[in-house]
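Okay, structure first, notes after.
Values below: every heavy atom of this structure, side chains too, minus hydrogens, waters and symmetry copies.
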Amino acid sequence: MANDMIKGMGFHHIGLKVADFAKSRAMYHALGMKEVCGWGEGEKEIVMFDLGDGGRIELFAGGGDFLSKEGKWLHFAMKVDDVDAAYETALKAGFEPKTAPKVVPLQSWPNPISINIAFVVGPDGEELEFFKEV
């Protein structure tokens, strides 16, 4: 569904400040994400990963101790073809389990749908959701 007010608007990226840049970078690599670009160094290093469809996540070094236990967002959802496989890949990469894959019927509008979802938690408390409408 296109945005009629702002032409060409769509998702580009979400940014996350992380406490251990090298660890987070390795874990996002282990999910199969590819680095698109990066800049800076030390506590000012930044790297952008492509999810595989052009959407991106941007990791910022220098998170330190000010990060809350829940991270900097409620959750970051990624559409996937196979929720179970994505969940297992994340666990093998070192992400912590939060919610194992499950199908949830929704009384949504305009029509009821069912979704297959799973959640994992990253090294800074960030929650990642793997999502597929079924």
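The CG atom of Leu59 lies 10.5 Å from the NE2 atom of His13; values are rounded to the nearest 0.5 Å. One finds the OH atom of Tyr28 at 11.5 Å from the NZ atom of Lys23 (value rounded to the nearest 0.5 Å). Of the inter-residue distances, the one linking Ile57 atom CD1 with Leu128 atom CG reads 6.0 Å to the nearest 0.5 angstrom.
Proximity of Glu58 to His12: side-chain heavy atoms (C-beta onward) are nowhere separated by under 4.5 Å. The shortest distance between side-chain heavy atoms of Asp53 and Phe11 does not fall below 4.5 Å. Proximity of Val120 to Lys98: side-chain heavy atoms (C-beta onward) are nowhere separated by under 4.5 Å.
Both Met27 and Ile14 are part of a single hydrophobic cluster, where members link through side-chain heavy atoms under 4.5 Å apart. Hydrophobic clustering (ILVMFWY, side-chain heavy atoms < 4.5 Å, transitive): Phe131 and Phe119 are in one cluster.
For Lys34, the side-chain hydrogen bond (donor to acceptor under 3.5 Å, both in side chains) criterion is met by no residue, not counting sequence neighbours. Scored by the ring pair (Phe, Tyr, Trp, His ring centres under 6.0 Å) test, His29 finds Phe49 as partners (sequence neighbours excluded). Scanning for salt bridge (charged side-chain N to carboxylate O under 4.0 Å, His left out) contacts around Arg25 gives Glu35, Glu45, with sequence neighbours left out. Evaluation of the ring pair (Phe, Tyr, Trp, His ring centres under 6.0 Å) rule for Phe21 yields no partner, not counting sequence neighbours.
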Quick one: side chains of residues 76-97, donor-acceptor pairs under 3.5 Å with protein atoms, not counting sequence neighbours, listed by atom name and distance.
unit_1	atom_1	unit_2	atom_2	d
Asp82	OD1	Asp84	N	3.1
Asp82	OD1	Ala85	N	3.0
Thr89	OG1	Ala85	O	2.9

Identify all side-chain donor-acceptor contacts of residues 100-117 below 3.5 Å with residues at least two apart in sequence or on another chain.
unit_1	atom_1	unit_2	atom_2	d
Ser108	OG	Asn111	O	2.7
Ser108	OG	Ile113	N	3.2

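For Glu43 against Gly62, the heavy-atom pair with the smallest separation is OE1-CA, 2.9 Å.
Asp124 places no side-chain N or O within donor-acceptor distance of the main-chain N or O of Glu126, the cut-off being under 3.5 Å.
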